[in-house]
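Computed over heavy atoms, backbone and side chain alike; hydrogens, waters and symmetry mates excluded. When a ligand or atom number is given, it counts from 1 through the structure's own listing order.
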Amino acid sequence: MRAQPTASHFVNGAYVEDRSGAPIEVVYPATGEVIAVVHEATPEVIEAALASGAAAQVEWGRTRPVERARILRRAADLIRERNPELARLETLDTGKPIQETLVADWPSGADALEWFAGLAPTVTGETVPLGRDFVYTLREPLGLCVGIGAWNYPSQIACWKAAPALALGNAMTFKPSEVTPLGALKLAEILIEAGLPAGLFNVVQGRGAVGAALVSDPRVAKVSLTGSVPTGRKVYAMAAEGVRHVTMELGGKSPLIVFDDASVEDAVGAAMLGNFYSAGQVCSNGTRVFVQRGIKERFLSRLAERTAAIRLGNPLDETTQMGPLVSAVQRDKVMGYIDTARSEGARLVCGGGHALANEGFFVEPTVFADVTDDMTLAREEVFGPVMAVLDFDGEDEVVARANATEFGLAAGVFTADLPRAHRVIGQLQAGTCWINAYNLTPVEMPFGGAKRSGVGRENGHAAIEHYTQIKSVYVGMGPVDAPY
Ligand code: NAD
């Protein structure tokens with residue numbers, strides 16, 4: 001199984017190699033096999049990426065939006081045409097089952113390119129009449145942007161950042177996670193093939209230090225990070241030094257509240273989607289499932305039954321429903337949380353072990369019941385297939401408990417009582433919410449977090465705010481009235 005890219009980086013329209021950078025091994029999580037090696041970007045590679053991006057942006061920012069849009073739409077078409085091979089690469093890079101990568105990863109990236117292509121030509125300013133004089137505003141690109149990705153949705157993240165940035169006239173240099181460096185290179189290749197001028201979307205590889213070098217470069221106007229809260233704090237502080245714009249898509253510990261009038265089958269299905277999709281490695285997962293006491297036993301027994309039927313195994317087999325975790329480090333971290341949950345007194349309903357021992361980084365889909373708010377499992381982001389079920393009695397109680405966390409990425413409510421659904425959502429401190437659904441994130445929907453889970457929004461019209469700035473122009477139409 002080899003997935004060696006042409007070279008480590010993609011800069012100024014071409015693959016670039018510089019083996020003097022430290023090697024990064026790419027491991028296929030289903031077997032532990034090394035499938036590629038890339039090298040960290042050296043200062044020379046970083047310089048070439050940022051310099052070519054800054055230079056190319058000047059002309060791109062002046063290009064008619066409809067022309068920019070045409071290129072992005074072409075890229076979306078190429079992604080759709082090549083989806084089977086791109087999905088396979090995503091599966092090798094992440095270990096996620098091909099059943100998922102075929103429908104979720106690159107397809108949602110193509111959606112973002114297409115949607116922002118449609119949006120860009122409609123972005124305009126306003127005119128403000130002032131009697132004789134008037135003001136008009138222009139929405140201008142920010143300039144050179146830096147994108148930094150996490151490893152759970154590497155290609156979707158690259159597309160979700162590149163699409164609004166490029167559509168609105170910016171350049172972007174993107175650093176994928178060192179754990180999953182392959183997909184972003186394909187995006188760079190496809191954009192060039194679609195007609196994007198060289199330099200506007202560059203990919204450089206590396207660990208945190210390469211990210212830090214990008215974030216602190218004086219030419220950079222904006223940083224968009226997807227990652228953990230601790231990394232977010234560091235990157236936000238570095239960006240603040242240069243008064244740069246930021247979008248921070250960080251971690252979560254989101255509540256999913258199931259009232260006893262909800263459809264048990266739908267609520268169980270949503271809780272499973274919100275804890276087991278991508279082996280639980282999804283930032284917006286509803287990892288605190290609050291179930292009203294009246295349906296607790298019915299909920300748990302149906303959940304256990306359906307969870308036991310999940311097919312784990314070879315991610316390249318289309319019938320496989322769950323693959324391994326992304327790395328041995330992540331598997332060990334998740335197993336540590338499972339041990340802690342047991343020792344703190346949570347009741348194991350199903351799972352709890354390594355699966356397919358010695359064959360990659362698999363963890364069984366795991367459910368704990370009788371979890372209480374003070375347990376580690378209810379407080380920390382696990383990022384693995386581990387669901388915590390907590391009991392509750394009343395509406396006010398559950399809202400207060402759901403909000404008692406530093407995170408605020410997402411939240412969900414299941415109930416047949418729609419006024420109650422809206423009332424509860426209105427009180428939840430979360431940026432992205434669902435009623436009688438969970439974890440659906442179409443590009444039309446702004447996505448992002450409240451509290452420590454982030455600042456700014458990706459997708460939707462909201463993203464326009466985060467990749468443009470307003471220039472206000474006062475037009476004097478008569479003599480200047482000066483008191484001197
Ligand atoms: P991470 O924070 O370890 O790394 C994220 C990225 O930041 C990587 O590319 C890494 O190399 C880079 N980085 C690390 N230190 C840096 C530094 N000092 N300066 C600049 N860049 C630096 O996160 P991860 O383990 O890759 O991903 C998992 C985390 O991401 C989870 O917390 C998850 O919730 C979060 N996440 C959030 C979203 C969202 O949209 N809100 C989506 C996916 C993942």
Close-contact set for ligand 1 against Leu225 heavy atoms, below 4.0 Å: 7 (O)

N/O to N/O below 3.5 Å, does that happen between Asn152 and ligand 1? no

Please say which of Leu214, Val146, Ile148, Ile157 ends up in a side chain to side chain contact (heavy atoms under 4.5 Å, CB included) with Phe174. Ile157

Between Lys333 and Val329, is there a side-chain heavy-atom distance shorter than 4.5 Å? no

Within the structure provided, determine whether Ser52 and Asn202 are in side-chain contact (heavy-atom separation under 4.5 Å). yes

Please report whether ligand 1 has a polar contact with Lys175, defined as an N or O pair separated by less than 3.5 Å (distance criterion only). yes

Just so I know, are the side chains of Trp434 and Asn439 near enough to count as touching, which here means a heavy-atom distance under 4.5 Å? yes

Any side-chain heavy atom of Leu325 sitting closer than 4.5 Å to one from Pro385? yes

Would you mind checking which non-hydrogen protein atom is closest to atom 35 (C) of ligand 1, with the distance to 0.1 Å? Gly227 O, 3.1 Å

List the closest protein heavy-atom neighbour of atom 36 (N) of ligand 1: residue, atom name, distance to the nearest 0.1 Å. Cys283 CB, 3.5 Å

Return a yes/no value for Gly211: is any of its N or O atoms, backbone included, closer than 3.5 angstrom to an N or O of ligand 1? no

Residue selection (non-hydrogen contact nearest atom 6 (C) of ligand 1) among Gly149, Ser278, Gly252: Gly149

Is the closest N or O pair between Thr231 and ligand 1 shorter than 3.5 Å? yes

Whether the Ser278 and Glu100 side chains hold a donor-acceptor pair (N or O, under 3.5 Å, no angle test) is what I'd like checked. yes

May I ask whether Gln330 places a heavy atom under 4.0 Å from ligand 1? no

Heavy atoms only: which of Phe447, Phe383, Phe174 is nearest to atom 28 (C) of ligand 1? Phe383

Sub-4.5 Å side-chain heavy-atom contact between Tyr337 and Val363: no

Give yes or no for whether the N/O distance cutoff of 3.5 Å, strictly under, is met between Val215 and ligand 1. no

Can Val179 be said to touch ligand 1, with heavy atoms closer than 4.0 Å? no

Which atoms of ligand 1 are found less than 4.0 Å from any heavy atom of Ser228? 1 (P), 2 (O), 23 (O), 29 (C), 30 (O), 32 (O)

Sub-4.0 Å atoms of ligand 1 with respect to non-hydrogen atoms of Ala150: 26 (O), 27 (O), 30 (O), 44 (C)

Can you find a side-chain donor-acceptor pair between Thr94 and Thr180 that sits under 3.5 Å? no

Min N/O separation Ser453 to ligand 1 under 3.5 Å: no

Would you kindly say whether Asn285 and Thr287 are connected by a side-chain donor-acceptor distance under 3.5 Å? no

Heavy atom of the protein closest to atom 24 (P) of ligand 1 (residue, atom name, distance): Trp151 NE1, 3.4 Å

Is Thr226 in polar range of ligand 1, meaning some N or O pair under 3.5 Å apart? no

Within a 6.0 Å radius of atom CZ on Arg80, are there more than 12 heavy atoms belonging to other residues, nucleotides or ligands? yes

Which one of Val282, Leu250, Asn459, Thr247 has a non-hydrogen atom at the shortest distance from atom 41 (N) of ligand 1? Leu250

Starting from atom 12 (C) of ligand 1, which protein heavy atom do you reach first, and at what distance in Å? Ile148 CG2, 3.7 Å

Ignoring hydrogens and angles, state whether a donor on the side chain of Gln156 or Ser108 is under 3.5 Å from an acceptor on the partner side chain. yes

Nearest non-hydrogen protein atom to atom 16 (C) of ligand 1, with distance, is Gly208 CA, 3.5 Å

Under 6.0 Å between the ring centres of Trp151 and Phe383? yes

Out of Arg233, Lys253, Lys451, Arg379, which residue meets the salt bridge (charged side-chain N to carboxylate O under 4.0 Å, His left out) rule with Glu406? Arg233

Per-atom contacts, ligand 1 versus Gly251 - under 4.0 Å to a heavy atom: 32 (O), 34 (O)

Option nearest atom 10 (C) of ligand 1 (shortest heavy-atom distance, choices Glu249, Glu381, Glu178): Glu178

